[in-house]
Amino acid sequence: MNPAIIASFTAGVTTIDQVETRLGKPAGAVRTPSGDQVIAYAVTRNEIYGNDRTPETGTALPKRHKMRYSTMLSFDAQGRWIRSWTRTDDLGDASPGALGNMGAGDIMRNIGG
């Protein structure tokens, strides 16, 4: 989500239609009992972890983590933007050589074909 686009919105003025024109169709939407609406956008990217460019063992590739960025935008009952907030989640190792949750039992099970 581009923070510059969200910064261009004006509380109480920008409409939900204007937001969707700029950001596209949201991943989800919920209407609250008071009539307000919250829409959500999410994107997942593989990124270099914490600017650590140390190569993954056995490769020249830097360590990467899968990151999810979620942005929620809240609108009043008339469909005017109120506020937004963003959450970042580190979903873990996304490096090509990552063994993930493989344990010794997984290795022993495959010995001998």
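The shown structure was predicted, so the numbers you read here are calculated from the model rather than taken from an experiment.
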Short side-chain to backbone donor-acceptor contact, [X] and [Y], under 3.5 Å:
X	Y	answer
Y41	G24	yes
T15	Q18	yes
R80	V13	yes
T10	T14	no

Test item: [X] and [Y] side chains (from C-beta on) under 4.5 Å apart, heavy atoms:
X	Y	value
F9	S84	no
E20	P26	yes
I16	Q37	yes

Nearest heavy atoms of A77 and S34, plus distance in Å:
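Smallest interatomic distance, heavy atoms only, reads CB-O, 4.3 Å.
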
With rounding to the nearest 0.5 Å, note down the distance linking CZ in R45 to CE in M67.
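Going from the CZ atom of R45 to the CE atom of M67 covers 9.5 Å.
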
Spacing of L73 atom CG and T71 atom OG1 [to the nearest 0.5 Å]
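The OG1 atom of T71 is 7.0 Å from CG of L73, to the nearest 0.5 Å.
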
Listed by chain and number, what are the salt bridge (charged side-chain N to carboxylate O under 4.0 Å, His left out) partners of D76, not counting sequence neighbours?
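Partners of D76 under the salt bridge (charged side-chain N to carboxylate O under 4.0 Å, His left out) test: none.
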
Quick one: side-chain hydrogen bond (donor to acceptor under 3.5 Å, both in side chains) partners of R22, sequence neighbours excluded?
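side-chain hydrogen bond (donor to acceptor under 3.5 Å, both in side chains) list for R22, sorted by chain: S8.
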
Test: R83 cationic atom under 6.0 Å from W81 six-membered ring centre, within 45° of axis:
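Not flagged: R83 not positioned over aromatic ring of W81.
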
V19 and its side chain to side chain contact (heavy atoms under 4.5 Å, CB included) partner, picked from I5, I6, I39
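Running side chain to side chain contact (heavy atoms under 4.5 Å, CB included) over I5, I6, I39 with V19 returns exactly one hit, I39.
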
